[in-house]
Amino acid sequence: MEDAIRLAKIMFASKLFAAYGTPEAVLATIMAGRELGMQMMASLRAFQIIDGKPRLPADLIRAIVIQSGRATYFRVTERTADRATFATQRGTQPPVSLSYTMAEARASGRVKEGSGYQRDPADMLVARASSKLARLVYPDVVHGLMAIEELDENASANDR
């Protein structure tokens, strides 16, 4: 633990991870990543602080599910600018699929001028569908993690 504290102070002092705000926040990020099986630098690169809360990219949430060994498969089955669908199977349980559509994104107010949903709609739909499915089927693995891509587009870029 003393090594982790010393490294957190060094990483914060490097100014590469100043967005975390304090050496203690850097340490908390390192520790959170370790609980998810990530090395120190991977944790610091992966987590982003948005509105004061640590968030992970949807790709990493999927990777955590796959690395857990609980998923027989977890894959995209449809990816367009209008819909993304993911399917998974947990052990011997029946397969589950989940789609997220542009209509849902519009209804939720996420599609705004200059938003990710306008720039890269298929990628945003993939992120939303996969992270929702991960929380639905693997809550014990992802512990309610929210993907960066799921946040309201009003999230402060300064907090990233």
Please set out all donor-acceptor pairs under 3.5 angstrom arising from side-chain atoms of residues 29-39, sequence neighbours excluded.
from: Thr29; atom 1: OG1; to: Ala25; atom 2: O; distance (Å): 2.9

Shortest non-hydrogen contact from [X] toward [Y]:
{"X": "Ala46", "Y": "Leu60", "answer": "CB-CD2, 3.4 Å"}
{"X": "Ser130", "Y": "Ala58", "answer": "OG-CB, 4.1 Å"}
{"X": "Val111", "Y": "Gln118", "answer": "CG1-CG, 4.2 Å"}

Just so I know, are the side chains of [X] and [Y] near enough to count as touching, which here means a heavy-atom distance under 4.5 Å?
{"X": "Val65", "Y": "Arg70", "answer": "no"}
{"X": "Asp82", "Y": "Leu125", "answer": "no"}
{"X": "Thr85", "Y": "Val76", "answer": "no"}
{"X": "Pro121", "Y": "Met102", "answer": "yes"}
{"X": "Tyr117", "Y": "Arg128", "answer": "yes"}

Among residues two or more places apart or on two chains, list those pairs meeting ring-ring contact (aromatic ring centres under 6.0 Å, His included) that have a residue in [range].
{"range": "residues 79-105", "value": "Phe74-Phe86"}
{"range": "residues 48-69", "value": "none"}
{"range": "residues 39-73", "value": "none"}

Pairs meeting criterion salt bridge (Lys or Arg N to Asp or Glu O under 4.0 Å) with involvement of [range], two or more places apart:
{"range": "residues 87-99", "answer": "Arg90-Asp140"}
{"range": "residues 3-20", "answer": "Asp3-Arg6"}
{"range": "residues 56-65", "answer": "Asp59-Arg62"}

Exercise for the section: Identify, with sequence neighbours excluded, every residue that meets salt bridge (charged side-chain N to carboxylate O under 4.0 Å, His left out) alongside Glu104. Expected result: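 Per chain and number, Glu104 pairs via salt bridge (charged side-chain N to carboxylate O under 4.0 Å, His left out) with no residue.
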Practice task
Output all residues satisfying side chain to side chain contact (heavy atoms under 4.5 Å, CB included) with Leu136, sequence neighbours left out; order by chain, then residue number.
Solution key: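 Testing Leu136 for side chain to side chain contact (heavy atoms under 4.5 Å, CB included), a comparison that skips the adjacent residues, returns Val96, Leu98, Leu133.
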Practice task
Enter the distance from Gln93:CD to Thr88:OG1 here, rounded to the nearest 0.5 Å.
Solution key: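 Here the rounded value is 9.5 Å.
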Handout entry: From CA spacing to verdict: side chain to side chain contact (heavy atoms under 4.5 Å, CB included), Met40, Leu7
Key = CA-CA 9 Å; Met40 178 190 71; Leu7 286 170; 3.9 Å; yes
Checking [X] now: which residues fulfil side chain to side chain donor-acceptor pair (under 3.5 Å) with it, not counting sequence neighbours?
{"X": "Gln67", "value": "none"}
{"X": "Ser108", "value": "Arg110"}
{"X": "Tyr20", "value": "none"}

Handout entry: Donor on one side chain, acceptor on other, Gln89 and Thr72, under 3.5 Å
Key =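 No - no donor-acceptor pair under 3.5 Å links their side chains.
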Exercise for the section: Would you kindly confirm whether Phe12 and Met41 end up in one hydrophobic cluster when ILVMFWY residues are joined by side chain heavy atoms under 4.5 Å apart? Expected result: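 Phe12 and Met41: one cluster.
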Handout entry: Single-linkage hydrophobic cluster Val26~Leu16, side-chain heavy atoms < 4.5 angstrom
Key =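 Yes, because Val26 and Leu16 connect within a single hydrophobic cluster, where side-chain heavy atoms sit under 4.5 Å apart.
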